[in-house]
Amino acid sequence: MKEVYILLTDTGTTLNRTIKLVTHAPYNHASIALDKELNEVFSFGRKQPINPLYGGFVQEDFVKGTFSWYPETTCAIYKLEVNERIYNKMLRLIAAFKKNRKWYYYNFIGLFGVPINHPIEVPSSYFCSQFVAEILRRSGIKLFNKPSSLVSPNDFRSANKLDLVYEGKIYDYPELKLSYNPKKYNSFPFRKYVAQQFKAAFDGNSDEREYYFRDGFVKPKKILFERKIRDASSIIK
């Protein structure tokens, strides 16, 4: 038997808090992971951390991606046991999404269909929980008696085939092995970072980026404020 994992998260962003007012659910983003270490995690979400409206198929990145902007992100991780045939089918499905990622878009319109129980499906478009449910359905796993386009992240919490294995802050998850030591930045080249983000968005070249927000990042305004306090303190001394 193989194991796959469903990752539900709450970043605590303004958009996420707004969604919570409607859903009243603790988690409003869903991803599917192919390993317990979360090395291969896939979903539909932000392609750029600073732009919630630029969405599509993404491979979640805990070092450089959206989660690294929100180190206090909370999560629930569920395990699902599948046979090797189903697991291999999942691999093929996700490989097809990866290969054609530029042709997939985020199904913003479909989100409005969930609370009114009316499926809104747009070709080559998915929202996060719709994508996860569709991967499971196409692989031969039936968790819900409704279309994937009506599945919300909260639905996974009550799926009887899923076993909860962890709940808490995502960066405290014991199996998450990062390639760097989490720390707070004392300074950050914010203008250069934004310039690189815009350049990558317009020319499509993401390989030139050098600056990333990571776990424990202190926001630029807070950095400036703390620096002024230190400078004032040194003058007084």
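Throughout, numbering of the chain's residues begins at 1 and tracks the sequence. Quick caveat, the model's predicted, so the values are computed rather than measured.
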Under 6.0 Å between ring centres: does that hold for Phe156 and Phe144? yes
Can you give me the closest heavy-atom contact between Arg157 and Leu8, atom names plus distance? CG-CD1, 3.5 Å
How many angstroms lie between CD1 in Ile6 and OH in Tyr27, if you round to the nearest 0.5 Å? 14.5 Å
Exam field: side chain Ser43 to backbone Ala30, donor-acceptor pair closer than 3.5 Å: yes
Got a salt bridge between Glu3 and Lys36, using NZ or NE/NH1/NH2 to carboxylate O under 4.0 Å? no
Using the ring of each side chain (for Trp, its six-membered ring), is Phe44 parallel, tilted or perpendicular to Phe57, with breaks at 30° and 60°? perpendicular
Determine, stepwise, if the pair Ser125 / Tyr105 fulfils side-chain contact (heavy atoms from CB on, under 4.5 Å). CA-CA 5 Å; Ser125 299; Tyr105 303 93; 3.7 Å; yes
Establish, yes or no, whether a centroid distance under 6.0 Å links the rings of Phe97 and Tyr104. yes
Taking atom CG as the centre, does Leu164 end up with more than 12 heavy-atom neighbours from other residues, nucleotides or ligands that are less than 6.0 angstrom away? yes
Interatomic distance, CD1@Ile141 vs CG@Leu143, rounded to 0.5 Å, equals 6.5 Å
Using a 3.5 Å distance criterion without hydrogens, assess whether the side chain of Asp10 forms a donor-acceptor pair with backbone atoms of Cys75. no
Closest approach of Val114 to Leu150 (non-hydrogen atoms, all atoms of both residues): CG1-O, 3.9 Å
For Tyr87, ring pair (Phe, Tyr, Trp, His ring centres under 6.0 Å) partners two or more places apart: none
Could you check whether Glu37 pairs with Lys177 (Lys NZ or Arg NE/NH1/NH2 to Asp/Glu carboxylate O, under 4.0 Å)? no
Any side-chain heavy atom of Glu134 sitting closer than 4.5 Å to one from Val151? no
Could you check whether any side-chain heavy atom of Glu81 comes within less than 4.5 Å of a side-chain heavy atom of Lys2, counting everything from C-beta outward? no
Using only atom types and a distance under 3.5 Å, with no angle test, would you say the side chain of Tyr126 pairs donor to acceptor with the backbone of Ser129? no
Hey, are the side chains of Cys128 and Ser31 touching, using non-hydrogen atoms and a 4.5 Å cut-off? no
Are side-chain N/O atoms of Glu121 and Ser149 paired as donor and acceptor at under 3.5 Å? yes
Nearest-0.5 Å distance, CG of residue Leu38 to OH of residue Tyr173: 5.0 Å
Flag, side chain of Asp155 to backbone of Ser152, donor-acceptor distance under 3.5 Å: yes
Please say yes or no: joined through hydrophobic side-chain contacts below 4.5 Å, possibly via intermediate residues, are Phe127 and Ile135 part of one cluster? yes
Quick check: closest heavy atoms across Asn39 and Asp35, and the distance to 0.1 Å? N-OD2, 2.9 Å
Could you tell me whether a side-chain N or O of Lys161 sits under 3.5 Å from a main-chain N or O of Leu80, the two making a donor and an acceptor? no
Checking Gln130 against Tyr106: is there a side-chain donor and acceptor pair closer than 3.5 Å? no
Minimum-distance pair of heavy atoms, taken over all atoms of Ile120 and Phe112: CD1-C, 4.5 Å
Minimum heavy-atom distance between Phe42 and Glu60, given as atom pair plus value: N-CG, 4.5 Å
From Asn83 atom CG to Ser139 atom OG, the distance as rounded to the nearest 0.5 Å: 10.0 Å
Please name the pair of heavy atoms, one in Arg138 and one in Leu93, separated by the smallest distance, quoted to 0.1 Å. CB-CD1, 3.6 Å
From OH (Tyr166) to CG (Leu176), nearest 0.5 Å: 9.5 Å
Spell out, as yes or no, whether a donor-acceptor pair under 3.5 Å connects the side chain of Tyr171 to the backbone of Phe62. yes
Can you tell me how far apart CG (Asp172) and CD (Glu72) are? Round to the nearest 0.5 Å. 8.5 Å
